[in-house]
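Quick notes on the structure that follows.
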Amino acid sequence: MVRRIDVAGAGGVRLAAWEFTDPPKSGGGLEEPEQRPGVLLLHGLMGRASHWAATARRLSACHRPVALDQRGHGRSEKPAVGPYDREAYVDDAIAAVEQLGLAPVALVGHAMGALTAWQLASRRPDLVSALVICDMRASALGAASQREWTEWFRSWPVPFATLADVRKWFGEDDPTLERPRPARGEYFAEVMAERADGWRPVFSRRQMLTARETWVHDAHWEELAQVSCPALVVRGLDAELGRAEAQEMVRVLPRGAYAEIPDAGHLLPWEHPDAWCAAIEPFLHAATMPG
């Protein structure tokens, strides 16, 4: 089952949170979702809460998983003038944790969502029990990275005539791809909506660049070092976060651990969902379950 819960984010921005639960099973255990340890799932730039459905349903056996459509994404509000800075995203996540009664919460973040998660954990350790960082660098990416993204957005053949065209372009034809990645095509098909002229993204590419501009020029090592809860850094062998940097992040984290998934890229939770869950489930169980 899934139910939508509206959250008032920073500045009153309306956010859509999605709680994933399976019907209670008879015979022991924590029967009601509210009694289970909370997990907040934070998608990356251009993502949406529904991307976490499979992970959330796996976690719902022992946890209370909630996925948040962050501002500018999914079904949440997309204010024309923002703000889309780091403070707004972190404040939104804090609002979700507090209004939904999730604390102490385990934060699971992918890419930009992982940065939001560790910034929240460093600022409000009282709210956080554990942290999972999926493929997000702590080093500054720099101005060249932002220019590359600007050009990439311009290369999109929008509008797409069909969802099949979306899947093919992002999974096969995108010139930034080194090899076909069908899971990537499916991922982007989920963030498209049909308009009068064809299929277009549910987000504003201009707003995505604005959001990205606020963190690509900065390094985030200091905040990482302030995370006091258990933290797991997960990367794919072909992901954007390199092994050396990932292992340095684990070293900097006071209670860091490391997991690597072979033959996985940036979208590793969706390319290899079983391996992803096998990496995070034991960690979350050990960090959040009583006893």
Side-chain angles (χ1 to χ4, degrees), residues 42-48 51 70-74 78-90 109-119 133-160 165-181 183-185 187-192 198-224 233 235-246 248-249 264-268 270-271:
L42 297 169
H43 59 74
L45 194 73
M46 303 180 295
R48 65 186 306 169
H51 279 139
Q70 296 175 80
R71 63 174 58 209
H73 297 77
K78 303 168 178 63
V81 295
Y84 291 102
D85 56 20
R86 287 285 80 220
E87 185 174 1
Y89 280 103
V90 175
H110 175 248
M112 182 192 76
L115 176 58
T116 299
W118 88 60
Q119 289 179 325
I133 297 169
C134 179
D135 203 38
M136 180 62 194
R137 299 183 60 186
S139 299
L141 301 181
S145 171
Q146 191 72 346
R147 289 194 297 271
E148 290 168 1
W149 270 68
T150 301
E151 291 304 313
W152 179 58
F153 276 146
R154 288 174 180 163
S155 75
W156 290 18
V158 174
F160 295 91
D165 291 334
V166 173
R167 294 185 181 98
K168 187 174 186 301
W169 196 84
F170 286 101
E172 300 177 26
D173 298 340
D174 184 343
T176 65
L177 284 176
E178 295 181 358
R179 60 184 176 89
R181 291 193 177 274
R184 188 173 185 264
Y187 183 93
F188 277 95
E190 201 162 336
V191 293
M192 297 288 162
W199 293 83
R200 293 178 175 273
V202 298
F203 51 80
S204 159
R205 284 171 286 175
R206 175 185 57 80
Q207 290 178 353
M208 296 300 99
L209 285 172
T210 299
R212 198 172 186 273
E213 182 74 28
T214 66
W215 53 264
V216 297
H217 302 290
D218 301 320
H220 308 284
W221 293 98
E222 184 175 346
E223 292 158 307
L224 201 67
V233 177
R235 67 174 291 271
L237 196 60
D238 301 322
E240 296 178 9
L241 173 61
R243 179 180 290 163
E245 183 172 352
E248 180 63 12
M249 289 169 65
H266 180 59
L267 298 177
L268 61 97
W270 302 279
E271 292 177 331

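In this structure, Val191 and His51 have side chains that are in contact, with non-hydrogen atoms separated by less than 4.5 Å. Using a 4.5 Å heavy-atom threshold, the side chains of Gln70 and Met112 count as touching. The side-chain heavy atoms of His266 and Tyr187, taken from C-beta on, include no pair separated by under 4.5 Å. Contact annotation: the side chain of Gln119 approaches that of Leu115 to within less than 4.5 Å [non-hydrogen atoms, C-beta and beyond].
The backbone N or O of Met46 lies less than 3.5 Å from a partner atom in the side chain of His73, making a donor-acceptor pair. Checking side-chain atoms of Tyr84 against main-chain N and O of Pro79 turns up a donor-acceptor pair under 3.5 Å. Looking at Asp135, its side chain does come within 3.5 Å of a backbone N or O of Leu241 through a donor-acceptor pair.
Arg137 pairs with exactly one of Glu240, Glu248, Glu245 by the salt bridge (Lys or Arg N to Asp or Glu O under 4.0 Å) rule, that one being Glu245.
Residues Ala114 and Gly109 approach most closely at CB-O, 3.3 Å, considering heavy atoms. Closest approach of Trp118 and His220 over heavy atoms only: NE1-O, 3.5 Å. Nearest heavy atom pair, residue Thr116 against residue Tyr89, reads CG2-O, 3.7 Å. Arg200 and Pro159 make their closest contact through NH2-CD, 3.6 Å (heavy atoms, listed as atom of the first residue, atom of the second, distance). Nearest approach of Glu172 to Leu177, heavy atoms of both residues: N-CD1, 3.7 Å. The two residues Ala88 and Pro83 have their closest heavy-atom pair at CB-O, 3.8 Å.
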Take His110 and Leu267 through the side-chain contact (heavy atoms from CB on, under 4.5 Å) test and state the conclusion after the steps. CA-CA 8 Å; His110 175 248; Leu267 298 177; 3.7 Å; yes

Stepwise side-chain contact (heavy atoms from CB on, under 4.5 Å) check, Trp270 with Arg184: CA-CA 8 Å; Trp270 302 279; Arg184 188 173 185 264; over 6 Å; no

Apply side-chain contact (heavy atoms from CB on, under 4.5 Å) to Phe203 and Arg48, showing your working. CA-CA 10 Å; Phe203 51 80; Arg48 65 186 306 169; over 6 Å; no

Give the intermediate values and the outcome of side-chain contact (heavy atoms from CB on, under 4.5 Å) for residues Trp199 and Asp165. CA-CA 9 Å; Trp199 293 83; Asp165 291 334; over 6 Å; no

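Going from atom CZ of Arg243 over to atom CZ of Arg235 covers 6.0 Å, rounded to the nearest 0.5 Å. Summarising the geometry, atom CH2 belonging to Trp221 is positioned 6.0 Å from atom CE belonging to Met249; distances are rounded to the nearest 0.5 Å. Glu178 contributes atom CD, which lies 8.0 Å from atom CG of Asp238 (distance to the nearest 0.5 angstrom). Between the CE atom in Met136 and the CG atom in Leu224 there is a gap of 10.5 Å [rounded to 0.5 Å]. The line from NE2 of His217 to CG of Leu141 is 9.5 Å long, rounded to the nearest 0.5 Å. Within the model, atoms CG of Leu45 and CE of Met208 stand 5.5 Å from one another, a figure rounded to the nearest 0.5 Å.
Between Asp218 and Arg86 there is no salt bridge, since no side-chain N of the basic residue sits under 4.0 Å from a carboxylate O of the acidic one.
No close placement of the Phe160 and Phe188 rings is indicated, their centers lying 6.0 Å or farther apart.
Applying the 6.0 Å contact sphere to CD of Glu222 captures no more than 12 heavy atoms from other residues, nucleotides or ligands.
The side-chain tip of Arg212 points at the ring of Trp215 from less than 6.0 angstrom away and within 45° of straight on.
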